[in-house]
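Data block below; observations after.
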Amino acid sequence: MNIIDGKFKTVLTYGTFDLLHYGHLEILKRASLLGNKLIVGLSTDKFNDIKGKTCVLPYQKRKELLESLDYVGKVIPENNWDQKVTDIQGNNIDIFVMGDDWEGIFDELKVFCEVIYLPRTKGISSSKLRSILDD
Ligand code: C2G
């Protein structure tokens, strides 16, 4: 139970989480501490194409890595931009969390749940890691 108001709180976040790194761990850990269960909407390979994101690791591998983290309660596929409300209602989400590079983008979700943007971890990104791998 959540020690503040005794209510079990479920947190939701989304991302590609390619080449899982400490910036991802930071936001996932902090998101998980906002509630009792963290659900991660993981962008599928097809949705990454739509997002225009190249990925080193396929969905299954990225999912496996996320599921190995104690503070990740469940991983669901993110297939499109428009599934968030359905996911929030379908999973009884109390808090929606994203890094502040998304500040304001998802404010319309405040109708359905709390929306919190957490500071992005500086100095690390999947694209930076990909460029090192490509050298
Ligand atoms: N992140 C972070 N610090 C970094 C890198 C990423 O806090 N150094 C956060 C991002 O702000 C995001 C999450 O980690 O909240 C996942 O980042 P990405 O895998 O890059 O996902 P993104 O492309 O932002 O996809 O519908 C939402 C999208 O699926 C989000």
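Residue numbers run from 1 in the order of the sequence given. Order of appearance sets the numbers: ligands from 1, and atoms from 1 within every ligand.
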Item to check | Shell of residues surrounding ligand 1, defined by a 4.0 angstrom heavy-atom cut-off that is strict | outcome: Tyr14, Gly15, Thr16, Phe17, His21, Gly23, His24, Ile27, Ser43, Lys51, Lys53, Glu78, Trp81, Lys84, Met98, Gly99, Asp101, Trp102, Arg120, Thr121, Ile124
Checklist outcome for this item: Tested for side chain to side chain contact (heavy atoms under 4.5 Å, CB included) against Tyr14, the lone hit among Asp87, Val40, Leu42 is Asp87
Item to check | Trp81 and Trp102 aromatic ring geometry - parallel, tilted or perpendicular at 30°/60° bounds | outcome: tilted
Next on the checklist: What's the separation between atom CD1 in Ile105 and atom CD in Glu108, rounded to the nearest 0.5 Å?
Outcome noted: 9.0 Å
Checklist entry - More than 12 heavy atoms of other residues, nucleotides or ligands under 6.0 Å from NZ of Lys51: is that the case? => result yes
Item to check | Cation-pi geometry met for Lys84 and Phe96 (6.0 Å, 45°) | outcome: no
Next on the checklist: Can you tell me how far apart CE (Met98) and CZ (Arg120) are? Round to the nearest 0.5 Å.
Outcome noted: 9.5 Å
